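Just so it is clear, the structure is predicted and the values come from calculations on it, not from any experiment. Start at 1 and go down the list; that is how both ligands and their atoms are numbered.
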Amino acid sequence: MNQNIENIELLKKGLADFSILVDDLMVDRFEKYRQILVEYNQHMNLTGITEQREVYIKHFLDSVAIFKNGYIGDGLSVIDVGTGAGFPGLPFKICNPNIRLTLLDSLNKRINFLKAVGQELGLDGIDYVHGRAEDMAHKPDHREKYDIATARAVASLPVLLELCVPYVRLGGFFICLKGPSVDAELEDAKNAMKILGVRLVERIDVSLPDQELKHNILVFKKEELTPAKYPRKAGKPSKNPL
Ligand code: SAM
């Protein structure tokens, strides 16, 4: 088998293992996304990962592992905070075009890249928001408006909770992707969880092809409204975590 076909088979199998119903359009969109990522990456800093197999595993499959647990259902509104080159939000949308997706990042260059990807892939129902998570969470259009907030590789857990939970409606979920330091981060996040009114309801170990280290997905349920003063002003959550 040539390498390209082998990688596409790996992507298809990986998606199916996460209970995703794979079709040709989905696979085409993922490959087109990778090609645009590689092209833009030549003149802007988006990712250190560009080789096909690695992008498929470390960006695409890593992003969508949560589908196995059934949280990303039709019609739900999802915001990806600090989405960068679109992870995990855009892979969510490729796997389930029926979600309403908001991609938020503080770097406008990345937002413009994401708009180009969304257009090239023919994905509609995406809002692109340029701004700091701390600021946008106080806007009525965004505050407690989403069924799900998600984030990968943006900040340590106590900081991330303050940045993301204010976007989630009461009863909704905050889903974050974490590496091997998850136990220590959870310990450090106890105070933030209490202040922000969330409870850890699921912790999922994710195995990915070729990867020795396990990744973790944490699912928090929002059980209380967020006090109006959170998130604190831009920069404060990371300088002085809850
Ligand atoms: N989530 C992507 C991923 O997993 O590949 C990107 C991770 S990248 C390391 C972190 C991203 O978060 C950057 O694009 C950065 O601009 C954005 N970011 C960091 N702090 C932010 C904030 N307070 N508000 C909005 N975006 C932020």
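For atom 13 (C) of ligand 1, the closest non-hydrogen atom on the protein side is Arg110 NH1, 3.2 Å. In terms of protein heavy-atom proximity, atom 6 (C) of ligand 1 is nearest to Gly82 O, 3.5 Å. Protein heavy atom in closest approach to atom 23 (N) of ligand 1: Glu134 OE1, 2.9 Å. Remark: minimum distance from atom 5 (O) of ligand 1 to any protein heavy atom is reached at Arg152 NH2, 3.1 Å. The protein atom (non-hydrogen) at minimum distance from atom 7 (C) of ligand 1 is Ala153 O, 3.4 Å. For atom 16 (O) of ligand 1, the closest non-hydrogen atom of the protein is Asp105 OD1, 2.7 Å. For atom 20 (N) of ligand 1, the closest non-hydrogen atom of the protein is Val154 CG1, 4.1 Å.
Aromatic rings of Phe174 and Tyr167 (six-membered ring for Trp) have centroids beyond the 6.0 Å cut-off, not under it. In this structure, the ring of Phe60 has its center less than 6.0 angstrom from the ring center of Phe30.
Taking distance alone, with nitrogen or oxygen atoms compared against 3.5 Å, Asp80 stays at or beyond that limit from ligand 1. At least one N/O-N/O distance between Phe87 and ligand 1 falls below 3.5 Å. At least one N/O-N/O distance between Ala133 and ligand 1 falls below 3.5 Å.
Near Gly84, the atoms of ligand 1 lying under 4.0 angstrom from a non-hydrogen atom of the residue are 6 (C), 14 (O). Counting the atoms of ligand 1 from 1 in the order shown, those under 4.0 Å from a heavy atom of Leu104 are 25 (C).
Criterion: ILVMFWY side-chain heavy atoms under 4.5 Å apart, direct or through other members. Under it, Ile94 and Leu103 are part of a common hydrophobic cluster.
Residue-environment remark: CD (Gln35) exceeds the threshold of 12 foreign heavy atoms within 6.0 Å. Around NZ of Lys145, the count of heavy atoms belonging to other residues, nucleotides or ligands within 6.0 Å exceeds 12.
Between Ser63 and ligand 1 there is no heavy-atom distance shorter than 4.0 Å.
Of the listed options Ser106, Ala155, Pro237, Ser106 places a heavy atom closest to atom 26 (N) of ligand 1.
In this view, Phe87 and Tyr33, His59 satisfy the ring pair (Phe, Tyr, Trp, His ring centres under 6.0 Å) rule, not counting sequence neighbours. Annotation: ring pair (Phe, Tyr, Trp, His ring centres under 6.0 Å) contacts of Tyr71 (sequence neighbours excluded): Phe173.
When non-hydrogen atoms are compared, ligand 1 lies under 4.0 Å from the backbone of Thr83 (N, CA, C, O) but not from its side chain.
Ion pair Lys233/Asp135 not flagged as a salt bridge, since none of the NZ, NE, NH1 or NH2 atoms sits closer than 4.0 Å to an Asp/Glu carboxylate oxygen. Salt-bridge annotation for Arg232 and Glu162: present, with a side-chain N of the basic residue lying under 4.0 Å from a carboxylate O of the acidic one.
Side-chain contact between Val81 and Asp105: absent, with no pair of heavy atoms (C-beta onward) separated by less than 4.5 Å.
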